[in-house]
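Structure first, then comments.
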There are 2 protein chains.
Amino acid sequence: MLGSMTRPKDPVGPGLAALAGLMADETRAGFLLALLDGRAWTAGELARYAGVAPSTASEHLGKLVTGGLLTEERQGRHRYVRLADARVAQLVEDLAAHVRPPAAERPRTLRESSAGSAMARGRTCYDHLAGRLGIALTDALTGQGLLRQDTGFALTDAGLRWFDSAGIGLDRTGRRPLTRACLDWTERRPHLAGTAGAALCRHALDAQWCVRIGSERAVKVTSEGERAFAELLGIEPTALH
Amino acid sequence: MLGSMTRPKDPVGPGLAALAGLMADETRAGFLLALLDGRAWTAGELARYAGVAPSTASEHLGKLVTGGLLTEERQGRHRYVRLADARVAQLVEDLAAHVRPPAAERPRTLRESSAGSAMARGRTCYDHLAGRLGIALTDALTGQGLLRQDTGFALTDAGLRWFDSAGIGLDRTGRRPLTRACLDWTERRPHLAGTAGAALCRHALDAQWCVRIGSERAVKVTSEGERAFAELLGIEPTALH
DNA sequence: TGAACGCTTCGGCGGGGACCGAAAGGTTGC
DNA sequence: GCAACCTTTCGGTCCCCGCCGAAGCGTTCA
């Protein structure tokens, strides 16, 4: 071992440091977390959100786009940016999940608490559902034998049939995994992500099972949604509040 | 949206930036990648490995330990450090997996190639098996209906029985998932990680199905291992070279 | 006990990067 | 065409941090 100490450095090292460096700034980290809602933000929105000058935000966005974490779309005088893909979203989630523990409790204002409780009830997490709503769906799928969590995280054959009979199409052609466990920030437990999670979220919004609250990430279940979730997954409406 | 622009910043932002900052230095990134072999290194070994002064390495290790990514163990005049746990290993792997694509090809010396091919054949990845060996095992488990990859990543009931009958105990009490997909650097495909992957690796080393080459991460399959893998999983010996 | 060794602390140096304001380039709408 | 708007580029400042060598502390071994 001592003789081979001068071995060539792992070429991944610099790349890893560069990738981490993109997220190692508080402002850029704030951008990425904001963009976790899966939607496109303009440069100005992000600048105001993070409390920095537009010129500063512009420089940060340039780095994030060049680094492949964001994609941009120019429309007239606006520059819309969004997370490059689901893999980037997952990466940010994974990092963020690692952060939570030390955060612990902290003083909350009333406004924060109420906004927080709406978020805690139900929200989108990139392209799937999270919060108590996401957990309730994941638990129901598991309890009905449609999703297996005890030996990993995968849909069962019955689960495949359920999606089919519910009219929720699953695109299994891409390289993205069908299911994936995403650690829920508020519930501290995994909820359904991946292609299946995205399809379920998309269908729930399309079918008005839940609707976005304002233009925020938070969503709330409609009465129609309560009926659908009860009928299809045996979820009691009280579990959604 | 415009009115709520002054919303309180996500408290995760600073934490995320700090965590990423720990990996955003080339030297520290090199440390973490080296430590991905799952073993304990001394401060001096890491310093020589990365090509920095001992004092510099000491400062880096202090940050990594304080940040919770490493744990240390003092023995006499030595300071041994290792990755704090499997979650940290996973985090580093995930980041590194995101880096590979842009790396592309580059000139290789003969020494690198031969060392590389031994690593490519089989190696440990923190506490489980990777390289062609890891892929062969994962594929065989999948082909035999013991591991399900098409709808996620989970052991089947038959898979649970296989581990039991092979005498490989699975500790299912911890919070660590039983199975997890870990993207293989050289094969670009997922191999088995998690509690089951660690148990399989541990058993393979204990039973001398494979042995470490020198004190490196690379491992090679023994003739006894070839027999065991053929009998238990139907793997042809040629798939292991 | 003294010498060799591994690690840490400290002072100092140098480079990189985050930030802003001012000015300029495009786009939209009156 | 002109004004309002969003964004970008540029110059300049400041601070943080990675690096080293020297000195000091504790351990090991002769």
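Quick note on labels: first sequence line is chain A, next is B, and so on, each numbered from 1. All heavy atoms count here, side chains included; hydrogens, waters and symmetry mates do not.
- One N or O on the side chain of A/Thr179 and one on the backbone of A/Phe153 form a donor-acceptor pair closer than 3.5 Å.
- Sorted by first and then second residue, the pairs that involve residues 54-70 of chain B and meet side chain to side chain donor-acceptor pair (under 3.5 Å), not counting sequence neighbours, are B/Arg28-B/His60.
- For the OP1/OP2 pair of C/dA18 and a distance below 4.0 Å, the side-chain nitrogens and oxygens of A/Lys63 include at least one atom meeting the criterion.
- Contacts of B/Asp94 classified as side chain to side chain donor-acceptor pair (under 3.5 Å), with partners at least two apart in sequence or in another chain: none.
- Ion pair A/Asp37/A/Arg39 flagged as a salt bridge, since at least one NZ, NE, NH1 or NH2 atom sits closer than 4.0 Å to an Asp/Glu carboxylate oxygen.
- Spacing between atom CE of A/Met23 and atom P of C/dA18 amounts to 14 Å, rounded to whole angstrom units.
- The nearest heavy atom of DNA chain C to B/Glu59 and to B/Ala43 marks one nucleotide each, and the one closer to the 5' end goes with B/Ala43.
- Atom NE2 in B/His60 sits roughly 13 Å away from atom P in C/dT8 (whole-Å rounding).
- Residue B/Ser58 places no side-chain N or O under 4.0 Å from the OP1 or OP2 atom of C/dC7.
- Applying the 3.5 Å distance criterion, the base of C/dG6 shares no donor-acceptor pair with the side chain of B/Thr42.
- With sequence neighbours excluded, no residue forms a side-chain contact (heavy atoms from CB on, under 4.5 Å) with B/Arg175.
- Scanning for side chain to side chain donor-acceptor pair (under 3.5 Å) contacts around A/Arg176 gives A/Asp127, with sequence neighbours left out.
- Residues from residues 67-80 of chain A that place a heavy atom under 4.0 Å from any atom of DNA chain C, listed by number: A/Gly76, A/Arg77.
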Donor-acceptor contacts under 3.5 Å from residues 190-210 of chain A side chains, at least two apart:
residue	atom	partner	partner atom	Å
A/His191	ND1	A/Asp184	OD2	2.8
A/His191	NE2	A/His128	NE2	3.2
A/Thr195	OG1	A/Pro177	O	3.3

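- An end-to-end axis angle of 30° holds for the helix from C/dT1-D/dA30 to C/dC30-D/dG1, taken from five base pairs per end and rounded to 10°.
- Under the rule for a side-chain contact (heavy atoms from CB on, under 4.5 Å), the partners of A/Ala40 that lie at least two apart in sequence or sit in another chain are A/Tyr80, A/Arg82.
- Mapping heavy-atom proximity under 4.0 Å, the span of DNA chain D touched by chain A runs 5' to 3' from D/dA4 to D/dC10.
- In terms of the side chain to side chain donor-acceptor pair (under 3.5 Å) criterion, residue partners of B/Arg189 (sequence neighbours excluded) are, by chain and number, B/Asp139.
- C/dG17 atom P lies 12 Å from atom CD of B/Glu26, rounded to whole Å.
- With sequence neighbours excluded, the residues forming a side-chain contact (heavy atoms from CB on, under 4.5 Å) with B/Ala20 are A/Met23, A/Ala24, listed by chain and number.
- Under the rule for a side chain to side chain donor-acceptor pair (under 3.5 Å), A/Glu187 has no partner lying at least two apart in sequence or in another chain.
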